[in-house]
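Okay, so here's the structure we're looking at.
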Amino acid sequence: MPSLPSLEAFAKGTAATVAGVATLGCGLLYYGQNYLIYPSAFPPGSRIEVPVPTDFGLEYQDLPLVTEDGITLRCYLLMQRTEINNSHAAQIDYADNQTDEEFASTRPTVLMFHGNGGNHGHRIPLAKVFYVKMRCNVLMLSYRGCAFCLLRSGIRIDAQTALNYLTSHPYLKNTPIILYGQSIGGAVAIDLASRNSSKLAALILENTFTNLPRLVPKALPLLGPFSFLCHQKWDSASKIPLIPRSMPILMLSGVRDEVVPREHMQELWQIVSRRQGNKSSGTENKSTISEVGNGKSRFLEFERGHHNDTCVQQGYWTAVADFVTSLSGR
């Protein structure tokens with residue numbers, strides 16, 4: 001009968017196993033976090049199967065933007081026209097002799113930053129609402145294309161490149177520019193706004209987080225003990241105070257978000273409120289603080305909203321449309 005291992009041998013084996021798992025966890029989070037945070041090939045085919053706006057009945061410009069470090073970003077630009085061939089399009093008055101370009105220069109422009117899964121083509125239905133229902137110009141940014149290249153520093157360059165394009169465009173440079181960011185795209189929007197507030201009109205943020213290290217225990221529970229190794233910080237909590245108090249911010253939170261706990265959005269709203277000298281618990285459903293962002297900032301929670309379906313909850317797009325309309329009086 002084989003002898004059982006001694007308690008000392010068992011303890012040594014257990015310690016070695018724990019050490020091995022810990023080492024594996026540390027290595028996975030530190031060296032592999034780019035692939036975990038920016039899964040460039042998820043869902044499968046995302047890098048090669050990219051929908052285009054014409055698939056959804058939208059005319060567009062295929063816009064390649066070259067960054068300062070030589071990366072070409074494949075973006076979509078949807079510029080407004082005096083008439084749109086869509087029965088659901090909002091009717092906007094225009095002068096008889098006004099060109100499409102001149103009309104576009106009178107409408108808001110939305111710069112979209114999507115989440116980490118999929119590609120910008122997957123968000124065309126959202127762009128269509130901005131374009132058709134609100135008659136906004138829309139620039140859909142495509143982040144640089146591989147996980148090896150996808151670092152916070154690179155995405156910040158991508159975002160700045162897109163904004164620089166808009167602010168130098170002959171017809172769009174004087175339009176109110178609104179940043180729309182979902183999930184990690186919200187962090188990209190906050191970061192960009194903290195560095196370019198004078199060029200922007202407003203922010204719309206959906207299901208984003210305070211910072212990534214705090215999100216790791218929820219999104220990747222097995223790697224929670226090693227969250228201190230997360231070097232892709234995206235520290236939105238420290239960036240919001242750099243955004244002027246006059247900047248309107250619309251925050252849209254799914255109560256049932258299984259990826260970003262609702263507390264992250266509530267805490268960000270508290271920070272938005274504190275920059276104005278107000279106090280807010282952040283727990284009110286559809287709460288507002290009248291002094292924040294010239295009385296136009298809003299925090300809304302959607303009781304049935306999960307991480308990826310908050311944007312289809314009842315009242316979501318009505319809130320967005322009302323917010324965009326309110327900016328015309330700035």
Side-chain angles (χ1 to χ4, degrees), residues 28-40 42 67 69 71 73 111-120 123 141-163 179-197 200 203-221 223-224 226-243 247 249-254 257-272 275 282 299 307-308 310:
L28 179 61
L29 184 58
Y30 189 79
Y31 294 105
Q33 62 188 265
N34 290 352
Y35 295 91
L36 296 172
I37 297 170
Y38 316 114
S40 60
F42 180 82
T67 66
D69 56 345
I71 301 294
L73 310 175
L111 175 52
M112 296 181 63
F113 300 113
H114 63 78
N116 64 344
N119 55 57
H120 64 312
R123 278 73 179 187
L141 173 65
S142 172
Y143 306 131
R144 53 190 62 203
C146 64
F148 179 77
C149 303
L150 272 171
L151 293 167
R152 175 176 173 272
S153 57
I155 294 179
R156 294 177 83 223
I157 293 173
D158 298 347
Q160 189 67 55
T161 300
L163 180 59
L179 305 185
Y180 174 73
Q182 298 175 294
S183 191
I184 199 170
V188 177
I190 291 170
D191 178 80
L192 185 65
S194 72
R195 297 179 284 118
N196 297 270
S197 59
L200 302 172
L203 278 76
I204 303 175
L205 308 171
E206 178 202 308
N207 291 340
T208 193
F209 45 79
T210 54
N211 62 64
L212 269 181
R214 277 196 58 198
L215 187 62
V216 169
K218 173 66 177 179
L220 302 167
L223 299 180
F226 314 108
S227 60
F228 65 93
L229 293 172
C230 182
H231 53 72
Q232 298 293 293
K233 303 294 185 183
W234 289 112
D235 191 357
S236 295
S238 69
K239 295 292 184 179
I240 285 180
L242 303 178
I243 301 173
M247 175 84 70
I249 301 176
L250 175 62
M251 303 186 68
L252 306 162
S253 175
D257 192 325
E258 70 284 8
V259 177
V260 179
R262 63 188 292 199
E263 289 78 15
H264 282 255
M265 286 288 284
Q266 291 173 341
E267 289 183 33
L268 290 177
W269 175 246
Q270 291 175 8
I271 297 170
V272 168
R275 67 181 183 159
F299 175 84
H307 191 66
N308 292 318
T310 298

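What you are looking at is a predicted structure, and each value in this text was computed from that prediction instead of being measured.
- Atom OG1 of Thr161 and atom CZ of Arg156 lie 12.0 Å apart (nearest 0.5 Å).
- Taking the six-membered ring where the residue is Trp, Tyr143 and His114 present tilted rings, their angle falling between 30° and 60°.
- The shortest distance between side-chain heavy atoms of His307 and Ser183 falls below 4.5 Å.
- The line from CD1 of Ile71 to CD1 of Ile157 is 9.0 Å long, rounded to the nearest 0.5 Å.
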Start with the C-alpha distance between Leu192 and Leu111, add both sets of side-chain angles, then the distance that settles side chain to side chain contact (heavy atoms under 4.5 Å, CB included), and finish with yes or no. CA-CA 11 Å; Leu192 185 65; Leu111 175 52; 4.3 Å; yes

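- Partners of Ala187 under the side chain to side chain contact (heavy atoms under 4.5 Å, CB included) rule, at least two apart in sequence or in another chain, are Thr208, Phe209, Trp234, Ser236.
- Minimum interatomic distance between Ala193 and Leu203 (heavy atoms only, all atoms of both residues): CB-CD1, 3.7 Å.
- Partners of Ser197 according to the side chain to side chain contact (heavy atoms under 4.5 Å, CB included) rule, which considers only residues two or more places apart in sequence or in another chain, are Pro244, Met247.
- Contact of the Asn308 side chain with the Val259 side chain is not registered, since no non-hydrogen atoms from C-beta on lie closer than 4.5 Å.
- Summarising the geometry of Leu200 relative to Asn196, their closest heavy-atom pair is CG-O, 3.5 Å, with the distance given to 0.1 Å.
- Here CZ of Arg123 is found 11.5 Å from CG of Leu141. Values are rounded to the nearest 0.5 Å.
- Contact between Gly254 and Asn207 at its shortest, heavy atoms only, is N-OD1, 2.8 Å.
- At least one side-chain heavy atom of Asp69 sits less than 4.5 Å from a side-chain heavy atom of Arg144.
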So Thr210 and Leu268, side chain to side chain contact (heavy atoms under 4.5 Å, CB included) or not? Walk me through it. CA-CA 6 Å; Thr210 54; Leu268 290 177; 4.1 Å; yes

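- Remark: of the listed residues Asp257, Thr310, Val260, Thr310 is the sole one forming a side chain to side chain contact (heavy atoms under 4.5 Å, CB included) with Glu206.
- Across all their heavy atoms, Met265 and Phe299 have their closest contact at O-CE1, 3.6 Å.
- A distance of 9.0 Å separates CD1 in Ile243 from CG in Asp191, rounded to the nearest 0.5 Å.
- Here the CG-CD1 distance, from Asp235 to Ile240, works out to 10.0 Å after rounding to the nearest 0.5 Å.
- Each of Leu205, Ile204, Leu179 was scored for a side chain to side chain contact (heavy atoms under 4.5 Å, CB included) with Ile249, with one residue passing: Leu205.
- Interatomic distance, Ile190 CD1 to Phe113 CZ, rounded to the nearest 0.5 Å: 11.5 Å.
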